[in-house]
Amino acid sequence: QLQASGGGVVETGGSLRLTCTASRSVFGRKTVAWFRQIPNKPRALVASKPDGGDPFYADFVKGRFVISRDNDQKTVYLEMNKLEPEDTALYYCNLRPPTPYWGQGTQVTVSS
């Protein structure tokens, strides 16, 4: 299972770092990813990072967010910079393709 944390309230232009911790059985050498969901909209892929490969970023975060992983610590990070009100969402971590387990996510709120 993967658990996301680190969300909060931040002003426009601010930064946050999200953390995702995983069990070894889930993490392994698989591609890990961050997703987000805005109310009444489908969950969207934000970024993903394969083991040893190049990251992928959705266009709406490219140049602002950075995904990284620490296999030894079974942890995935999402560094979010230059945050905008449109980034307000519930953020989840999962594999890519995702498992059925999404956890509770972590809320990020960007005030204008």
Side-chain angles (χ1 to χ4, degrees):
Q1 294 182 350
L2 299 103
Q3 295 289 347
S5 62
V9 179
V10 64
E11 293 184 347
T12 297
S15 299
L16 277 176
R17 188 175 80 159
L18 305 184
T19 300
C20 173
T21 55
S23 63
R24 180 177 293 277
S25 62
V26 174
F27 203 77
R29 302 181 75 84
K30 301 173 183 175
T31 297
V32 292
W34 285 95
F35 299 79
R36 72 186 190 187
Q37 187 164 27
I38 299 168
N40 302 317
K41 291 194 175 181
R43 193 176 285 128
L45 175 65
V46 174
S48 63
K49 180 71 172 70
D51 184 31
D54 292 332
F56 164 84
Y57 296 100
D59 286 343
F60 52 79
V61 303
K62 201 171 291 184
R64 300 187 298 124
F65 291 11
V66 178
I67 186 173
S68 60
R69 62 189 287 167
D70 184 332
N71 287 353
D72 291 337
Q73 298 298 319
K74 301 183 293 293
T75 303
V76 186
Y77 301 99
L78 185 68
E79 187 74 36
M80 305 187 297
N81 303 302
K82 301 178 183 178
L83 284 162
E84 304 166 350
E86 293 74 20
D87 295 316
T88 295
L90 191 57
Y91 285 73
Y92 300 89
C93 58
N94 207 320
L95 302 180
R96 185 183 182 190
T99 70
Y101 180 79
W102 287 95
Q104 295 182 333
T106 187
Q107 178 67 38
V108 172
T109 302
V110 184
S111 61
S112 56

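Just so you know, residue 1 is the first one in the sequence shown, and it goes up from there.
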Report summary line: In this structure, CG of Leu78 is separated from OG1 of Thr19 (nearest 0.5 Å) by 9.5 Å
Query raised in the report: Any donor-acceptor pair under 3.5 Å linking the side chain of Thr88 with the backbone of Val110?
Result: yes
Report task. For the pair Tyr91 (side chain) and Val46 (backbone), establish whether a donor and an acceptor sit closer than 3.5 Å, ignoring hydrogens and angles. Result -> no
Query raised in the report: Could you state the interatomic distance from OG1 (Thr21) to CD (Gln1), rounded to the nearest 0.5 Å?
Result: 10.0 Å
**Report entry** Value rounded to 0.5 Å, distance of CZ in Arg69 from NZ in Lys74
**Finding:** 12.0 Å
**Report entry** Lys49 and Asp54 ion-paired at < 4.0 Å
**Finding:** no
Query raised in the report: Same hydrophobic cluster for Leu45 and Trp34, using side-chain heavy-atom links shorter than 4.5 Å among ILVMFWY?
Result: no
Requested in this report: State the CG-CD distance between Leu18 and Glu79, to the nearest 0.5 angstrom.
Outcome: 9.0 Å
Query raised in the report: Where is the tightest heavy-atom contact between Lys41 and Gln37, given as atom of each residue plus distance?
Result: O-NE2, 3.2 Å
Query raised in the report: Can you check whether Gly7's main-chain N or O pairs, donor with acceptor, with Thr106's side chain at less than 3.5 Å?
Result: yes
**Report entry** All ring-ring contact (aromatic ring centres under 6.0 Å, His included) counterparts of Tyr92, not counting sequence neighbours
**Finding:** Trp102
Report summary line: Across all chains, not counting sequence neighbours, the side chain to side chain contact (heavy atoms under 4.5 Å, CB included) partners of Ser111 are Glu11
Query raised in the report: Heavy-atom distance under 4.5 Å between the side chains of Tyr57 and Val66, does that happen here?
Result: yes
Requested in this report: May I ask whether Leu83 and Phe60 are part of the same hydrophobic cluster, defined by side-chain heavy atoms of I, L, V, M, F, W, Y residues being less than 4.5 angstrom apart, directly or through others?
Outcome: yes
Query raised in the report: Any link between Ile67 and Phe56 through a network of hydrophobic side chains (Ile, Leu, Val, Met, Phe, Trp, Tyr) touching at under 4.5 Å?
Result: no
Query raised in the report: Nearest 0.5 Å, what's the OG1-CG distance between Thr109 and Asp87?
Result: 11.0 Å
Query - Backbone N/O of Leu90 and side chain of Arg36: donor-acceptor pair under 3.5 Å - result: no
Query raised in the report: Is there a donor-acceptor contact under 3.5 Å linking the side chains of Thr75 and Asp70?
Result: no
Query raised in the report: Would you find a donor on one side and an acceptor on the other, under 3.5 Å apart, between the side chain of Asn94 and the backbone of Thr99?
Result: yes
Report task. Decide whether Phe35 and Tyr77 are clustered together by the hydrophobic rule: side chain heavy atoms of Ile, Leu, Val, Met, Phe, Trp, Tyr closer than 4.5 Å, transitively. Result -> no
Requested in this report: Return each pair, listed once, that meets disulfide (SG to SG under 2.5 Å) where at least one residue sits in residues 79-112; pairs must be two or more places apart or across chains.
Outcome: Cys20-Cys93
Query raised in the report: Would you say the side-chain atoms of Arg96 and Thr31 include a donor-acceptor pair closer than 3.5 Å?
Result: no
